[in-house]
A.B. asks: 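Next up is a structure, given as structure tokens.
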Amino acid sequence: MNDKNLNSLSNLLDNKRKILELIVVSVFLGIGVSLVSSSIFELIKNENKIEIYSLIGLVLIFLSLIYLTINLFGKRKIEKEIDGFFILGRTQKNIINIDNYDYSNKIFEYLQSAITEEVEIKEGWLSTNFGDINDECVTALPYIQEISEYYFLESLSKHLSSFFNNTKFKKTRLKRYERNDIPDILVSNRFLELFSKPMQERSLFNGNQENNPVMTFTRDSIEGRIVSNYKNGAMFQYFDLKLPTESKINRKGNSKILISNSRFDIVITTTVSGVNTYISSEYRKLYLGFEKLDDPTFITNYKIEINFKRFSFLKSSSWEYYEWLDSFLEEFEKKVSEKFYFEYKIEWDRIYPIIKTLQK
């Protein structure tokens with residue numbers, strides 16, 4: 001999603017400030033160089049001691065270089081927040097599957113598959129007293145937070161596989177991180193542990209193939225790897241993160257994941273805190289077909305902090321191995337953002353008058 005046009009005034013003022021700063025620094029640097037060069041010329045010509053002007057010139061040059069260094073390397077942190085939403089269906093005791101909204105579609109699918117296969121998750125989820133907002137926040141929302149974190153990891157896994165599926169990338173520069181390579185994340189996310197568990201270790205994937213239809217998707221034809229398999233309501237998703245070889249991924253706090261490499265560190269925080277968001281009653285009635293409007297709508301917040309390593313900007317080669325970051329964040333925002341969904345995906349402000357007119 002591109003909001004640059006919406007911030008044209010702030011961008012203009014920011015560019016104006018940068019130009020003025022550059023002009024001032026250039027003037028100071030030019031004066032400093034001029035004073036130093038003229039003092040050196042006089043020193044050679046008259047063999048006198050360095051004049052006071054040369055000291056002033058050196059100070060101006062030094063201060064200008066310090067400013068440019070701070071301006072170049074001081075701003076190394078970028079923060080981005082993406083807010084998605086989901087509706088908790090109290091009657092259905094489930095998440096509402098919202099048409100054409102990827103985040104809602106996927107977490108609905110993940111929850112259904114987990115409940116079908118894992119008794120502990122099913123009992124824990126259904127123990128929620130739906131209709132009691134306090135119990136929903138305490139009992140149900142922690143499951144949604146884990147599902148949402150898994151959604152992020154699975155989205156990243158698919159994007160990286162697609163991004164690095166190109167002959168221009170050398171396999172020696174890449175490493176495949178699988179489920180056993182991230183044990184601290186695996187043990188703290190039940191959905192990642194369940195869905196990526198080998199099929200031979202799961203009872204719903206065993207048994208008579210004739211009576212149990214299987215839907216299978218494969219990729220990496222040379223390796224013949226099965227990446228997705230659905231059977232009897234259970235789901236298998238092969239999980240890996242293909243990253244530059246020096247990368248590391250680990251848990252950093254209860255809801256944080258850290259991905260680090262030689263160029264930057266990324267901290268992803270997934271939060272489902274029980275904060276509500278407003279979804280219009282017209283959308284609920286006309287688009288979702290709700291008769292009752294008491295189902296709560298909650299926000300899922302993804303906070304992404306990117307810290308570029310000091311002097312990483314001086315590295316001129318191999319940046320193509322790290323360009324997945326921009327394309328992934330853009331793709332992920334389009335799949336999750338509540339704002340993007342209503343304004344661009346379904347264009348609610350445009351289609352609402354049409355629906356009202358058709359009703360009349």
Side-chain angles (χ1 to χ4, degrees), residues 1 3 77-90 94-98 101-111 114 121 124-125 127-130 132-159 182 184-195 239 241 249-260 264-279 295-307 325 328-342:
M1 180 170 58
D3 290 330
K77 185 175 181 179
I78 299 173
E79 292 186 357
K80 185 179 187 63
E81 293 195 38
I82 302 172
D83 285 336
F85 75 98
F86 63 92
I87 301 175
L88 194 62
R90 286 171 167 169
N94 207 335
I95 301 168
I96 300 300
N97 187 9
I98 300 175
Y101 181 33
D102 189 80
Y103 169 68
S104 175
N105 296 159
K106 291 298 183 183
I107 64 172
F108 169 80
E109 177 187 352
Y110 296 155
L111 180 60
I121 292 177
W125 174 262
S127 68
T128 305
N129 182 13
F130 291 95
D132 183 339
I133 188 66
N134 292 322
D135 193 61
E136 288 169 346
C137 290
V138 172
T139 307
L141 295 195
Y143 286 94
I144 307 300
Q145 178 155 314
E146 282 188 52
I147 295 174
S148 299
E149 183 181 76
Y150 173 74
Y151 174 80
F152 176 88
L153 290 169
E154 182 62 21
S155 298
L156 179 60
S157 172
K158 291 178 179 178
H159 184 84
I182 50 172
D184 54 338
I185 299 176
L186 190 69
V187 298
S188 57
N189 191 303
R190 289 167 287 187
F191 298 88
L192 174 62
E193 198 283 328
L194 173 63
F195 297 142
F239 180 81
L241 293 175
I249 175 170
N250 49 60
R251 172 72 68 189
K252 185 181 179 182
N254 293 332
S255 59
K256 298 177 184 288
I257 292 175
L258 169 65
I259 301 174
S260 61
F264 49 77
D265 294 339
I266 311 172
V267 178
I268 305 99
T269 307
T270 306
T271 306
V272 180
S273 61
V275 176
N276 295 104
T277 185
Y278 172 74
I279 302 296
D295 291 335
T297 306
F298 296 102
I299 294 175
T300 297
N301 174 264
Y302 292 97
K303 183 177 181 180
I304 301 161
E305 302 170 77
I306 306 167
N307 289 280
L325 179 60
F328 170 69
L329 291 180
E330 181 179 1
E331 176 187 276
F332 187 73
E333 184 171 18
K334 289 180 178 179
K335 295 195 298 184
V336 174
S337 170
E338 175 185 338
K339 180 179 179 181
F340 185 86
Y341 170 72
F342 281 106

A.B. asks: Ring centroids only, cut at 6.0 angstrom: are Phe85 and Tyr103 within range, meaning strictly under it?
C.D. replies: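 No, ring centres 6.0 Å or more apart.
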A.B. asks: Within this structure, what is the CG-CD1 distance for the pair Asn105 and Ile98, rounded to the nearest 0.5 Å?
C.D. replies: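 Rounded to the nearest 0.5 Å, the CG-CD1 separation comes out at 8.0 Å.
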A.B. asks: Quick check on side chain to side chain donor-acceptor pair (under 3.5 Å): which of Arg251, Glu149, Gln145 does Asn189 satisfy it with?
C.D. replies: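 Passing option: Glu149.
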A.B. asks: Does the side chain of Leu258 reach to within under 4.5 Å of the side chain of Ile266, using non-hydrogen atoms?
C.D. replies: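 The answer is no; the side chains never approach within 4.5 Å.
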A.B. asks: Name all residues meeting the salt bridge (Lys or Arg N to Asp or Glu O under 4.0 Å) criterion together with Glu81; count only those two or more places apart in sequence or in a different chain, and write none if there are none.
C.D. replies: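 Glu81: no salt bridge (Lys or Arg N to Asp or Glu O under 4.0 Å) contacts found.
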A.B. asks: Could you check Ile257 against Leu153 for side chain to side chain contact (heavy atoms under 4.5 Å, CB included), going step by step and ending with a plain yes or no?
C.D. replies: CA-CA 10 Å; Ile257 292 175; Leu153 290 169; 3.8 Å; yes
A.B. asks: Could you tell me whether Lys106 and Glu154 have a side-chain N and a carboxylate O separated by less than 4.0 Å?
C.D. replies: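 No, no charged N to carboxylate O under 4.0 Å.
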A.B. asks: Would you indicate whether the side-chain heavy atoms of Tyr278 and Thr297 approach each other to under 4.5 Å?
C.D. replies: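 Answer no - side chains too far apart.
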A.B. asks: Can you tell me if Ser337 uses its side chain to pair, donor with acceptor, with the backbone of Lys339 under 3.5 Å?
C.D. replies: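 Checking the backbone N and O of Lys339 against the side chain of Ser337, a donor-acceptor pair under 3.5 Å is found.
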A.B. asks: Where do Asn129 and Asp135 come nearest, in terms of heavy atoms and distance?
C.D. replies: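 Heavy atoms only, the tightest pair is N-OD2, 2.5 Å.
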A.B. asks: Measure the shortest side-chain to side-chain distance between Ile87 and Ile95 over non-hydrogen atoms and say whether it is less than 4.5 angstrom.
C.D. replies: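 A side-chain contact under 4.5 Å is absent here.
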A.B. asks: Hey, do the aromatic rings of Tyr150 and Phe195 have their centres closer than 6.0 Å?
C.D. replies: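 So the answer is yes for these two rings.
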A.B. asks: Can you pull out every salt bridge (Lys or Arg N to Asp or Glu O under 4.0 Å) where at least one residue sits in residues 269-278? Sequence neighbours excluded, please.
C.D. replies: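 Not a single pair qualifies under salt bridge (Lys or Arg N to Asp or Glu O under 4.0 Å).
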A.B. asks: Dump the intermediate steps for ring-ring contact (aromatic ring centres under 6.0 Å, His included) on Tyr302 and Phe332, then the final yes or no.
C.D. replies: CA-CA 10 Å; Tyr302 292 97; Phe332 187 73; 5.0 Å; yes
A.B. asks: Picking from Ile268, Val267, Asn250, Ile306, what satisfies side-chain contact (heavy atoms from CB on, under 4.5 Å) with Ile259?
C.D. replies: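 Single pass found, and it is Ile268.
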A.B. asks: If you measure from OG1 on Thr270 to CD1 on Ile147, what distance do you get to the nearest 0.5 Å?
C.D. replies: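 Going from the OG1 atom of Thr270 to the CD1 atom of Ile147 covers 12.5 Å.
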A.B. asks: For Asn301 and Asp83, does a side-chain donor sit closer than 3.5 Å to a side-chain acceptor?
C.D. replies: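 Side-chain D/A pair, Asn301 to Asp83: present.
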A.B. asks: Please identify which of these residues, Asp132, Thr139, Ile133, meets the side-chain contact (heavy atoms from CB on, under 4.5 Å) condition with Glu136.
C.D. replies: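 Of Asp132, Thr139, Ile133, side-chain contact (heavy atoms from CB on, under 4.5 Å) with Glu136 is met by Ile133 alone.
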A.B. asks: Please enumerate all residues that pass side chain to side chain donor-acceptor pair (under 3.5 Å) together with Arg190, with sequence neighbours excluded.
C.D. replies: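 Residues passing side chain to side chain donor-acceptor pair (under 3.5 Å) with Arg190: Glu146.
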A.B. asks: To the closest 0.5 Å, what do you measure between OG (Ser188) and CD (Glu193)?
C.D. replies: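 Nearest 0.5 Å value for the OG-CD distance: 11.0 Å.
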A.B. asks: Check the pair Asn307 / Phe264 against side chain to side chain contact (heavy atoms under 4.5 Å, CB included), numbers first and verdict last.
C.D. replies: CA-CA 5 Å; Asn307 289 280; Phe264 49 77; over 6 Å; no
A.B. asks: Who are the salt bridge (Lys or Arg N to Asp or Glu O under 4.0 Å) partners of Asp102, not counting sequence neighbours?
C.D. replies: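 Testing Asp102 for salt bridge (Lys or Arg N to Asp or Glu O under 4.0 Å), a comparison that skips the adjacent residues, returns none.
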A.B. asks: If you measure from CD on Glu330 to NE2 on His159, what distance do you get to the nearest 0.5 Å?
C.D. replies: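 Between Glu330 CD and His159 NE2, I get 9.5 Å after rounding to 0.5 Å.
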A.B. asks: Check whether any side-chain heavy atom of Lys334 lies under 4.5 Å from a side-chain heavy atom of Tyr341, and answer yes or no.
C.D. replies: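 Answer no - side chains too far apart.
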A.B. asks: Using a strict 4.0 Å threshold on nitrogen-to-oxygen distance, state whether Glu333 and Lys80 make a salt bridge.
C.D. replies: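 Yes, Glu333 and Lys80 are salt-bridged.
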A.B. asks: Kindly compute the distance separating CD1 (Ile182) from CG (Asp184), expressed to the nearest 0.5 Å.
C.D. replies: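 Going from CD1 on Ile182 over to CG on Asp184, the span is 7.5 Å.
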A.B. asks: Among residues at least two apart in sequence or on other chains, which ones pass salt bridge (Lys or Arg N to Asp or Glu O under 4.0 Å) with Glu338?
C.D. replies: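 None.
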A.B. asks: Is the distance between the ring centroids of Phe86 and Phe298 under 6.0 Å?
C.D. replies: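 Ring centres of Phe86 and Phe298 closer than 6.0 Å.
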A.B. asks: With rounding to the nearest 0.5 Å, note down the distance linking CG in Leu88 to CG in Asp295.
C.D. replies: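 Going from the CG atom of Leu88 to the CG atom of Asp295 covers 7.0 Å.
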A.B. asks: Using the test salt bridge (Lys or Arg N to Asp or Glu O under 4.0 Å), find all partners of Lys252 that sit at least two apart in sequence or belong to another chain.
C.D. replies: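 Once residues adjacent in sequence are excluded, Lys252 has no partner under the salt bridge (Lys or Arg N to Asp or Glu O under 4.0 Å) criterion.
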A.B. asks: Does the side chain of Thr300 reach to within under 4.5 Å of the side chain of Thr271, using non-hydrogen atoms?
C.D. replies: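 Not touching, per the 4.5 Å side-chain cut-off.
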A.B. asks: Tell me the closest heavy-atom pair linking Leu141 and Gly274, and the distance in Å.
C.D. replies: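 Distance-wise, the nearest heavy atoms are CD1-CA, 3.4 Å.
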A.B. asks: Does Phe328 have its ring centroid less than 6.0 Å away from the ring centroid of Phe152?
C.D. replies: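 Yes, the ring of Phe328 comes within the 6.0 Å limit of the ring of Phe152, centre to centre.
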